[in-house]
Participant: 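The structure follows.
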Amino acid sequence: RRVLPLGEGGALADGWYSLAFAYRGWEGAELEFGVDTTAPRLTGAELAEPADPDSVAELADGRVVLAGGERTIRVRVQDLLPRDPGADAGVEGMNEDHASGVDVETLEATVRPATSADGTELAAPVTMPLRPDESGWAELTLTGEGLYDLGHITIKAYDACDNLLTTTLA
C-alpha cells in the first residue's frame, strides 16, 4: 500500500502514475495516467548567427530593442515538469518525459509593429506560426526596418493538456 503524492490543495502532483486494483484474489486491473498542470516554458532566446552585437540596444527608458534590417531570433519552447525556479532541467528534447507535450500547431509569435527612432509605428501587428525542431528551437524572422521592442514580441503555445504559455522576449 502506498500513499499518493498529493501536491498543493490535495491534488496529485504533476507526473506519471501507474495504479493497480486488486481485491481478495481478484486480479483487478492496472491503469496508467499522467497529470500535467504546468504550461510550456520559453527556455531560450537568442539572435541567430551571424549576430551583429550592435543590433541589440538598451534604451534610456530600459526597453531592449533590436535595430536594423532583417533579423532572425531563435526561441526554444519546452514542456517540462515542475521544478524549483532556476533549476536546470537538463532536457535535450522539446518535451520532458511524462509531460503532456507542446502542441506544436499552437506555437506562434505575435510581433507588434517596429517603430522608427521617434516611436512611430511602421506596420500593423503580425501573428505568425513557429515550427520547432525536435529540441524545441524555432526561428522568428523580423523583416521590416526599424526598432523592435523585445517586450512587444509575444510567444504563445499550449501543451496537450491545454496549459497556456504566453510570454514576451523582454
Participant: State, yes or no, whether a side-chain contact exists between Ser18 and Leu31 at a heavy-atom distance under 4.5 Å.
Facilitator: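 No. Closest side-chain heavy atoms not under 4.5 Å.
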
Participant: What heavy-atom pair brings Gly93 and Gln78 nearest, and what distance separates the two atoms?
Facilitator: O-NE2, 2.8 Å

Participant: Going by side-chain heavy atoms closer than 4.5 Å, which hydrophobic residues are tied to Leu164, directly or by a chain of links?
Facilitator: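 So far as hydrophobic clustering goes, Leu164 is joined with Tyr158.
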
Participant: When rounded to the nearest 0.5 angstrom, what is the spacing between CG in Leu80 and NE2 in His98?
Facilitator: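 Going from the CG atom of Leu80 to the NE2 atom of His98 covers 13.5 Å.
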
Participant: Identify, with sequence neighbours excluded, every residue that meets ring-ring contact (aromatic ring centres under 6.0 Å, His included) alongside Phe33.
Facilitator: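 Expected list: Tyr17.
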
Participant: For Arg112, check side chain to side chain contact (heavy atoms under 4.5 Å, CB included) against everything at least two apart and list the hits.
Facilitator: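 Checked Arg112 against side chain to side chain contact (heavy atoms under 4.5 Å, CB included); matches are Glu121, His152.
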
Participant: What verdict does the side chain to side chain contact (heavy atoms under 4.5 Å, CB included) test give for Ser135 and Arg76, after you've listed the backbone C-alpha separation in whole Å, the side-chain angles of each residue and the deciding distance to 0.1 Å?
Facilitator: CA-CA 8 Å; Ser135 63; Arg76 187 177 195 199; 4.0 Å; yes

Participant: Taking CD in Glu32 as the centre, count heavy atoms belonging to other residues, nucleotides or ligands within less than 6.0 Å. Is the count above 12?
Facilitator: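 Counting other residues, nucleotides and ligands, CD of Glu32 exceeds 12 neighbours.
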
Participant: On a heavy-atom basis, which atom in Met128 and which in Thr141 lie closest, and how many Å separate them?
Facilitator: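 Residues Met128 and Thr141, closest heavy atoms: SD-O, 4.5 Å.
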
Participant: Ile155 vs Thr166, test: side chain to side chain contact (heavy atoms under 4.5 Å, CB included). Steps then yes/no.
Facilitator: CA-CA 6 Å; Ile155 306 298; Thr166 183; over 6 Å; no

Participant: For the pair Asp79 (side chain) and Asp159 (backbone), establish whether a donor and an acceptor sit closer than 3.5 Å, ignoring hydrogens and angles.
Facilitator: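 It does not hold such a pair.
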
Participant: Measuring from atom CG of Leu130 to atom CD1 of Ile73, what distance do you get when rounded to the nearest 0.5 angstrom?
Facilitator: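 One gets 10.0 Å once the value is rounded to the nearest 0.5 Å.
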
Participant: Specify the closest pair of heavy atoms between Arg41 and Pro82, including all atoms of both residues, with the distance to one decimal.
Facilitator: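 Minimum heavy-atom separation between Arg41 and Pro82: NH2-CA, 3.6 Å.
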
Participant: Consider only side-chain heavy atoms of I, L, V, M, F, W and Y, link residues closer than 4.5 Å, and tell whether Val91 and Val104 are in one cluster.
Facilitator: no

Participant: Knowing that exactly one of Val75, Leu140, Thr167, Thr168 qualifies, which makes a side chain to side chain contact (heavy atoms under 4.5 Å, CB included) with Ile153?
Facilitator: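 Output: one option passes, namely Leu140.
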
Participant: For Leu81, is there any backbone N or O sitting under 3.5 Å from a side-chain donor or acceptor partner on Glu96?
Facilitator: yes

Participant: With distance as the sole criterion, is a donor-acceptor pair present between the side chains of Thr154 and Thr110 under 3.5 Å?
Facilitator: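 There is no such pair between these side chains.
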
Participant: Looking at every heavy atom in both Ser100 and Asp36, which two are closest together, and how far apart are they?
Facilitator: OG-OD2, 2.7 Å

Participant: If I compare all heavy atoms of Ala39 with all of Asn163, which pair ends up nearest, and what's the gap?
Facilitator: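 Minimum heavy-atom contact is CA-CB, 3.5 Å.
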
Participant: Does one hydrophobic cluster hold both Leu169 and Leu142, with members joined at side-chain heavy-atom distances below 4.5 Å?
Facilitator: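 Same cluster: Leu169 reaches Leu142 through Ile, Leu, Val, Met, Phe, Trp or Tyr contacts under 4.5 Å.
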
Participant: State the CG-NZ distance between Leu165 and Lys156, to the nearest 0.5 angstrom.
Facilitator: 10.0 Å

Participant: Verify side chain to side chain contact (heavy atoms under 4.5 Å, CB included) between Thr43 and Val77, making sure each step is shown before the conclusion.
Facilitator: CA-CA 6 Å; Thr43 58; Val77 174; over 6 Å; no

